[in-house]
Amino acid sequence: MLQLHHLLLLLPLLLPLYGAIFCLFSWNRVNLQMAIACVIQLAMVVASGALLYAVNHEGILVTQLGNWPAPFGITLVADLFSALMVVTASITGAAVVLFSLRGLDLPRQDYGYYPLILMLQMGVAGVCLTGDLFNLFVWFEVLLICCFVMITLGGTKPQLEGAIKYVTINILASGLLLTGIGVVYGITGSLNMAELAMLVRMPSINKSLFLMASTFFIVSLGIKAALFPLFFWLPASYHTPPIAISSFIGGLLTKVGIYAMIRLFTLIFVVEQELILAFFTITAGFTMVIGVLGAAAHYDFRKILSFHIVSQIGYMLMGLAIFTTLSIAGTILFIVHNVFVKTNLFLVSGVVGRLKGSFDLKKLGSQYLQRPFLALLFLISALALAGLPPLSGFWPKFILVKAGLEAEQYTIVGVSLCVSIITLFSMTKIWNEVFWKKQPETDETEPDADRLTKALLYAPIIFLALCILYIGLNAEAAIGLAYRAAEQVLNTDLYINAVLNR
Amino acid sequence: MDIVLPFITGLLFATGLYLILHRHFFKLILGIILFGLATNLFIFTIGRLTRGGSPIIPQGSEVAIEPYADPVPQALLLTAIVIGFGIQAFAIVLVKRVYQAFGTNNLDDLNNTDKTIIPPKE
Amino acid sequence: MLYFILASLIYAFIAPFVHRAAGKYGIAVQAGVPLVLFVYFATFLPDVQKGEVYTEIYNWVPSLGVQLYFYLDGLALLFTLLISGFGTLVMYYASQYLKDDAGLGRLYMYLTLFMVAMLGLVTAGNLVTVFICWELTSITSYLLIGHTHEKETARQSALQALLVTGLGGMALMAGFVLLGIAGDSYTIPELLTRNDLITHSSLYLPMLILILLGAFTKSAQFPFHFWLPNAMAAPTPVSAYLHSATMVKAGIYLLARLSPALSGPDVWHFTLLVIGTTTALLGAFLALQNSDLKAILAYTTVSALGLLVSLIGLGTDAAIQSMVVFLLAHALYKGGLFMVAGNIDHAAGTREYPLLNGLHKQMRFTGIAAMLAALSMAGVLPFIGFIAKELLYEAKAASSYIILALSFMVSVAYVAVATIMGYRIFWHNRSEPTKLKHQGQVTMAYPPLILGICALVFGLMPGHFVAPILGQAASATLGETIDFELSLWHGFTPVLWLSVLTILAGIFLYSVLQKKREPIAILQKLYANGPNKLYFVLLNGLQRGALHLTATIQNGYLRLYIASIILTQVALLLYTIWYNSPTLQLQQKINLLQDVLFHEWLLILLVLPAIYMLLKTTSRLTAIATLSIIGYTASLLYYLFGAPDIAATQLLIETLTVVIFVLVLHKLPRFQYLTHAHRRIKFVVISVLFGATMTYVLLLVKQFPLISNLKEYYGQNAYLLGKGKNIVNVILIDFRAFDTLGEMTVLAVAAIGIFALLRLRMDKEEKA
Amino acid sequence: MRTIILATAIRLLIPVFQIFSVYILFRGHNHPGGGFIGGLIGSIGFIFYVMTYGTKHTLKNYFRVHLKNDKVADLHSRARHRFHIARVNSRYRQRVEDEWKWEHRIMRIRPVYIIATGLFLAATSGLIGLFSGNPYMTAIWTGLEIPIVGKPGTTLLFDAGVYLLVFGIVLKITFVMAEE
């Protein structure tokens, strides 16, 4: 009979896939697609929750696809970290799909938005759950092509312009990733991550070649995660598509890159670690600073948020660079928190943009008086982003600072704290300009929105804000989970044994 | 051939990149395609070459008989080629659309969205 | 205690609704909340006065050692009573002051939130919870200063306060973590007993600097004092509550609280003393330079905070005793004076004191309140201010006469300010009394009046009301139990004469000020270029710098992006190769050239001219043709090296690509060289570097034997288990079918994407 | 370009390509070939057709199914009614008696549906293994041996999914691009 853990590992992949298939079958019937997408998203949340529950109680879950023993077939693995990522992704997905029902224009919904977002989720789940290096590449490509299409969906000029840069750079990244996988196979003759992890810890392995192979992954995953000298595509493209789209990819995708980096650089590329980690530390510092300065420089709601994505990636990398259980836990928590917060901020900007018809801070204003509730929701997310207590952003920041100081990495901690002040500054810039300032005179009248529209626009924002508050206030649950996830990530024997069934 | 193919691969990488660095759209596309081709060759070459012996189990045998080429890079390559095709096709169409929308074939004309403009000092 | 605090926290969020629902009588609820808290905390008085400490511990985040640890000793209780007591008065005052303000409901919310944060701060026994409350007060302060948010200055001041205190907050966080590492605990009571461990830790100095940075920014010590006067953009109730009585004292509280753990080394005492005294003098001086009542009060607050810091810095028994008394005295009179200033502003529409005259007839109660507070401030018998000053002088005299002289100067300035506040505005009838916009409201005079009366009563009977609790507070600060007695009258001591002298000198100073109103020009100029200017220069610099940096990095040129990515990759590769890599034995490989067969050479000879053509051609068709030649050659190569499946796929895909090219690109213009020659050379260098590196990597990897279990396993089992003889195909649809599923998804999405890209054109629709 | 010879040749070629592509699909398990190559070959005929005749014509000729529906439902038995309709539709080129009784419906086969079917087949072929208690995509074999096809099993279903998908995608892309 059907075995539950086989199913649990697959549901996050199969649900969106079938959802997308059914959406394709009901092409031209948008309402049906909406219904399918909503149902699937809900099911995803439940399924991924169940997966997290199961992993939390039974340890790492593994299914060998096709019933082929480990290094020969493809393995799906869920440890706490990957399950957490899947849960985060599905919750975000649910919120965004709910928002899209009214937050996205009809023509775009007509041209395959729902199958795309579902397949995107499948890609995310695939990257998080796979235990095979080449399979990782495949799911990254799924993600990528979905992003390409979603960014260009609608084909307006700014979109196309951003897309050209996005597409070119990311194709390059895929090429490098593939090359890197080739090199790894050329050295070891294996693709299974657990087996690679085992091989790399053997004395017979050629460490310097492995170090060389790792650079391909640093660069290609670094591009996907938007690290310092590689992030250019992100600010060029993320603000161009409609909010429903940029909120999802902006909130989630770079974190998937970071996830892959953490996974690979804790599991496989553990040769010459001091060198790699020193490089990460420097990169993390630059990424934070450059990103946040970009945010400080701009006066467009979405551009500020885009640059902040870069900046926050620096924090996540910092946790990896410190490389203690605590710091990895901080990074994991940071990822979860950041996905929610960033998505929510984008959604808020979407509501403002939709109701006021602009994203330029200089043209907006008076929202504090007109929409105090939205202001509160924004404030929760913005302050959480800046890491103010007791919201969700505080804990990971605190953990990272603590881990950094304990590991005596004073410089990077100092940089991160200064960056968080500038983050606060740029968030208050939005607050000052959009909410507090008096609205400059414009001749545009506000488009009216009916009650249902408003409810559907607000509901996901409220939901995510509650998530943020929950993580912040009931921090023990989140931190405990993140800490155990980090322990699992660093205790690679667990992973290897689970996959190779030793 | 083991010695020559790496050089050809390198040459293709270089040519692809060189074309990508140009401003012209069409060269960008050519570059992307060449770059993909180079990546594929890279994978193929790194899996050690075997002349002839394709990874097909001969008639009457139940297991493959040496010498046969390593089927793993081939399978990876097949997947990669197909994925690459999908993405390249999309890129080609994208370039066309960009050309239609902007009426230019110069990439440098496309920096309205992400160029940071410094406002004059007040 | 948790429930009381939580309930008020929750109440804070429904405060605006209560305000809206209850209308006029809502104030009973609004002020009732702090009152209940005040009463609740007052019930602890008997126990705490006996020297007992009330604790209440809940686990919050045990994995980080964070607890909701309520720790109520004398020091904490003193602050809680101040905060909740003041809170009650301020709520009431706000309801009168902002009667017609639309934002009153929200103001209640923020005030209550602030109060809860403040209570949490002073009762917290865990560093992390202290920090959390600390940041909450910063945020609420930001929101409160920006109450009149449509004014540019209010927004700027709010931001300034937030950034300055936020910077301190960040430093404090790092400092707390270091303290936690050095003291091996985040629990304050434990840390207090580990003075030795902490002060001898190698982390002591950085920790101290960071914690002091936090405390000094919050308590507006030089050179971070500038935000406080600017924060007067807030409505007066807020200024009275946050910026004189409570929030700014958070830094003082922190210093006092951690004093037993941190004091000892000279650097602690010296820094506090120097910074505190500097601030005290500077504040006093600046107060006299201003004519805006709220600004004057703000600067004297800065000055008073400086005195408090310097007293903690002295650290003697006497100094700490005088610190706690002065703290209380200051809170009482300064809060009252702020409300008085607010009343005047409300009624007269101005806060410039030279414009105000003889108001006592129109605002009698306010006048009386002002007088009471001013007398306390001036340190006149029998107010508590007098006791505070006596103790201050005693403590300072015991340490050094220079410090005493400086304190004397500060006190003289206070007397002058008190004269202005308590006498000049109300009772000085030089000319016609100022016309008021409306009569002074009696209701608004009650809160300052109550505070003034308190100052009097506490002064008259210090032993009854305040001495026990102040004694406990002082003991907590010192870390040891001390005898503490307060009395109004000490007899005719030198200190008394000094007090009298202070008052006389102050009145003299006042009369000088009345005649000569021009501020001292040079100092004024010097100050104009002080920290406040520096703040704005830094902020603007940050923005300009960020703009220029971003413009350089995010410059919009795709080729530069790509070049930087590729160069990063190449640099990393070269570094790792240089770092510790086996050398490439190319020599031995050259022989392999002989193995290359004739038809293989032919293929190579086909590729090279094709690449050359591709680079040189100006015709699109030629380019497509040459590209497909390269593709077909690759396909042939695949076939020759045992990969018929790939060969077929490559062949078909190449054809399909050509078809797409023809279908899509036939309308594109001619291909021109758009790139300049010198730039092309740069590109050539980068490209060749990259290509060469990749070749090197490839050769290097191929130098070592590849042992692949996979090949063997697939060869053995493809037919037996996978039931197919084409191993590649079996891998694709069975062993690694999941890859293929992903690949299919990619294709499907690409098809949708191409369809949408070509069909959906939102630009057009928008135009139409 | 649109010569009669070419046009006729292409018309003839389409079924040839189709049959050949299916052959490639089946033989893929033991010889070079398989779903992907098969799907590409199968669509090549249509590509040429589209390039010669244009999208509209192609769609009209090959991607419309004419269905006939009996407006007057036979009340005796639903099954019989269905069977009746199916029988009429299976040889729709014949004229049906009492034409007035029949409602003509044109069903368009969109390439999207082909794509979706392909994905569905591929995804579902794995489910069979899953529900028999094994991991997803565990191959299940029928145990038969059919010439050309070899041993049919779920993997063949998977490959057929690939075939359909590739076929649909090439069609989709060609149609859209040719319309430009």
Side-chain angles (χ1 to χ4, degrees), chain A residues 72 133-135 137-138 140-142 144-145 148-149 151-152 155-172 174-187 189-191 213 216 232-240 294 297-300 303 306-307 362, chain B residues 9 13 16-17 20-21 25 28-29 31-48 70 72-73 75-77 79-84 86-104 107 109-119:
Chain A
F72 306 113
L133 209 51
F134 187 76
N135 202 239
F137 164 79
V138 171
F140 259 123
E141 295 299 286
V142 172
L144 209 58
I145 186 90
F148 288 172
V149 178
I151 280 186
T152 55
T156 61
K157 274 191 180 185
Q159 280 185 298
L160 292 172
E161 211 183 297
I164 272 277
K165 287 159 190 167
Y166 185 86
V167 168
T168 314
I169 293 179
N170 275 295
I171 286 179
L172 225 56
S174 307
L176 292 176
L177 182 60
L178 191 57
T179 317
I181 292 168
V183 174
V184 168
Y185 182 78
I187 298 168
S190 176
L191 291 167
F216 286 102
F232 310 101
W233 54 271
L234 191 149
S237 59
Y238 268 15
H239 62 280
T240 57
H298 278 284
Y299 264 91
D300 181 296
K303 278 191 188 177
S306 302
F307 271 103
K362 295 196 167 138
Chain B
T9 313
F13 266 123
L17 181 64
I20 289 175
L21 286 173
F25 278 171
L28 178 73
I29 278 293
I32 287 175
I33 293 176
L34 267 188
F35 198 92
L37 204 64
T39 320
N40 293 344
L41 265 181
F42 188 99
I43 301 266
F44 188 66
T45 320
I46 212 158
R48 315 300 188 264
D70 188 348
V72 184
L76 304 190
L77 196 49
T79 313
I81 288 178
V82 176
I83 289 176
I87 288 175
Q88 281 162 18
F90 182 79
I92 293 171
V93 175
L94 177 66
V95 163
K96 185 206 167 139
R97 276 286 283 125
V98 172
Y99 172 68
Q100 276 183 341
F102 290 83
T104 175
L107 272 175
D109 294 340
L110 294 184
N111 49 17
N112 302 320
T113 54
D114 68 325
K115 195 174 187 174
T116 314
I117 298 149
I118 302 174

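Throughout, protein chains are lettered first and strands after them, A, B, ... in sequence-line order, and every chain is numbered starting at 1.
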Engineer: What part of A/L178 gets within 4.5 angstrom of chain B, counting heavy atoms only: side chain, backbone, both, or neither?
Structural biologist: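 Interface part for A/L178: both.
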Engineer: Taking atom CZ of B/F42 and atom CG of A/L176, what is their separation to the nearest 0.5 Å?
Structural biologist: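 If we round to the nearest 0.5 Å, B/F42:CZ and A/L176:CG are 10.0 Å apart.
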Engineer: Please enumerate all residues that pass side chain to side chain contact (heavy atoms under 4.5 Å, CB included) together with A/K165, with sequence neighbours excluded.
Structural biologist: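 A/K165: side chain to side chain contact (heavy atoms under 4.5 Å, CB included) contacts with A/E161, A/A236, B/N111, B/D114, C/L558, C/Y561.
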Engineer: Could you grab the distance from atom CD1 of B/I29 to atom OG1 of A/T168, nearest 0.5 Å is fine?
Structural biologist: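 With rounding to 0.5 Å, CD1 (B/I29) is 7.5 Å from OG1 (A/T168).
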Engineer: Taking side chain as C-beta onward, heavy atoms only, is A/T152 less than 4.5 Å from B/F90?
Structural biologist: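 A side-chain contact under 4.5 Å exists here.
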Engineer: Below 4.5 Å from any heavy atom of chain A, which atoms of B/I20 appear? Answer side chain, backbone, both or neither.
Structural biologist: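 Just its side chain gets close to chain A.
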Engineer: Does any backbone or side-chain atom of A/P158 lie under 4.5 Å from a heavy atom of chain B? Answer side chain, backbone, both or neither.
Structural biologist: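 Looking at A/P158, backbone and side chain both touch chain B.
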Engineer: Can you name the closest pair of heavy atoms from B/G86 and A/I145 and give their distance?
Structural biologist: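 Scanning both residues completely, I find the closest heavy atoms to be O-CD1, 4.4 Å.
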Engineer: Measure distances from B/I83 to the heavy atoms of chain A and classify the residue's part below 4.5 Å as side chain, backbone, both or neither.
Structural biologist: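 For B/I83, side-chain heavy atoms alone lie under 4.5 Å from chain A.
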Engineer: Grab the two heavy atoms, one from A/V167 and one from B/A91, that are nearest each other, plus how far apart they are.
Structural biologist: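 Closest approach of A/V167 to B/A91: CG1-CB, 4.3 Å.
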Engineer: What pairs with A/S237 under side chain to side chain contact (heavy atoms under 4.5 Å, CB included), at least two apart in sequence or on another chain?
Structural biologist: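 For A/S237 the side chain to side chain contact (heavy atoms under 4.5 Å, CB included) partners, ignoring immediate neighbours, are A/I151, A/Y166, A/W233.
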Engineer: Is chain A contacted by the side chain of B/I32, its backbone, both, or neither, given a heavy-atom distance below 4.5 Å?
Structural biologist: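 Answer is side chain: those atoms of B/I32 sit under 4.5 Å from chain A.
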Engineer: side-chain contact (heavy atoms from CB on, under 4.5 Å), that's the test. Do A/I171 and B/F35 meet it? Break it down for me.
Structural biologist: CA-CA 9 Å; A/I171 286 179; B/F35 198 92; 5.8 Å; no
Engineer: Can you tell me which of A/L144, A/V183, A/D300 forms the most heavy-atom pairs within a distance under 4.5 Å of chain B?
Structural biologist: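 Winner by heavy-atom pair count: A/V183.
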Engineer: Decide side-chain contact (heavy atoms from CB on, under 4.5 Å) for A/F134 and B/T79; before the verdict, give the C-alpha distance in whole Å, the side-chain angles of both, and the deciding distance to 0.1 Å.
Structural biologist: CA-CA 10 Å; A/F134 187 76; B/T79 313; 3.8 Å; yes
Engineer: Distance-only, no hydrogens or angles: does the B/R97 side chain make a donor-acceptor pair with backbone N or O of A/L160 under 3.5 Å?
Structural biologist: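 Answer holds: no.
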Engineer: Using non-hydrogen atoms only, which part of A/F148 is less than 4.5 Å away from chain B: side chain, backbone, both, or neither?
Structural biologist: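 Both parts, backbone and side chain.
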Engineer: Could you have a look at A/I181, A/T240, A/L172 and say which one has the most heavy-atom pairs with chain B under 4.5 angstrom?
Structural biologist: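 That would be A/L172.
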Engineer: Checking B/F13 against A/T179 for the side-chain contact (heavy atoms from CB on, under 4.5 Å) test, could you report, in this order, the C-alpha distance in whole Å, the side-chain angles of both residues, the deciding distance, and whether it holds?
Structural biologist: CA-CA 11 Å; B/F13 266 123; A/T179 317; 4.3 Å; yes
